[in-house]
*Asks:* 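What follows is a structure written as structure tokens; I'll ask about it next.
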Amino acid sequence: MNNAPRETTINLRAPATKRALIDQAAEIAGKTRTDFMLEASCEKAQEVLADRTRFVLNAEQLDRFNAILEAPMENPEALARLIATPAPWES
């Protein structure tokens, strides 16, 4: 986690048993409840977003995909911009 200033509030309601569980884990981890919950939420968010990068193709689709990858780039500047754009969890 970075040490960026905190600019916004996230509110949620939870059962007392879950709050106690989170508090116990945060204490063991040496973190505040807020830091513990934010870190855990961000880890899960990264996992969910990473899962969106996997896709399955049949043989014909794979051949077409590979042909597109091997073809000359039409707009290398667009690729450079894409590569320079931080992932959602890095911004």
Side-chain angles (χ1 to χ4, degrees):
M1 283 280 134
N2 62 26
N3 292 327
R6 297 182 181 193
E7 318 172 324
T8 189
T9 301
I10 301 172
N11 294 312
L12 60 98
R13 293 192 179 275
T17 55
K18 288 189 178 186
R19 178 178 168 169
L21 175 67
I22 291 166
D23 286 348
Q24 182 181 7
E27 184 177 345
I28 289 170
K31 299 176 186 260
T32 65
R33 179 189 312 126
T34 297
D35 288 341
F36 183 84
M37 292 177 67
L38 189 57
E39 184 177 306
S41 296
C42 287
E43 286 175 7
K44 183 63 177 180
Q46 289 174 5
E47 177 186 318
V48 168
L49 293 171
D51 282 346
R52 299 289 183 199
T53 63
R54 183 177 180 271
F55 54 95
V56 179
L57 304 173
N58 64 32
E60 181 182 326
Q61 292 168 327
L62 179 60
D63 288 343
R64 185 165 183 263
F65 180 74
N66 284 330
I68 291 169
L69 287 178
E70 294 169 4
M73 290 181 9
E74 292 180 17
N75 189 346
E77 294 82 18
L79 179 60
R81 283 192 308 275
L82 176 64
I83 291 171
T85 302
W89 53 86
E90 294 174 336
S91 51

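Sequential numbering from 1 along the given sequence is applied to the chain's residues. What you see is a predicted model; the values in this text were computed from it and never measured. Heavy-atom basis, side chains included; hydrogens, waters and symmetry copies ignored.
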*Asks:* Enumerate the residue pairs fulfilling salt bridge (charged side-chain N to carboxylate O under 4.0 Å, His left out) with a member in residues 58-78, sequence neighbours excluded, ordered by first and then second residue.
*Replies:* none
*Asks:* For Q61, I'd like to know if atom CD has over 12 heavy atoms of other residues, nucleotides or ligands within 6.0 Å.
*Replies:* yes
*Asks:* Rounded to the nearest 0.5 Å, what's the gap from CG on N66 to CG on L57? Could you check?
*Replies:* 8.5 Å
*Asks:* Return the CD1 to CE distance between I10 and M37, rounded to the nearest 0.5 Å.
*Replies:* 8.5 Å
*Asks:* Strictly by side chain to side chain donor-acceptor pair (under 3.5 Å), give each pair with a member in residues 10-25 just once, sequence neighbours left out.
*Replies:* D23-R33
*Asks:* Can you list the residues that meet the salt bridge (Lys or Arg N to Asp or Glu O under 4.0 Å) rule with R81, with sequence neighbours excluded?
*Replies:* none
*Asks:* Linking I/L/V/M/F/W/Y whenever any side-chain heavy atoms sit under 4.5 Å apart, do I68 and L79 land together?
*Replies:* no
*Asks:* Between L12 and F36, is there a shared hydrophobic cluster once you connect ILVMFWY residues whose side-chain heavy atoms come closer than 4.5 Å?
*Replies:* yes
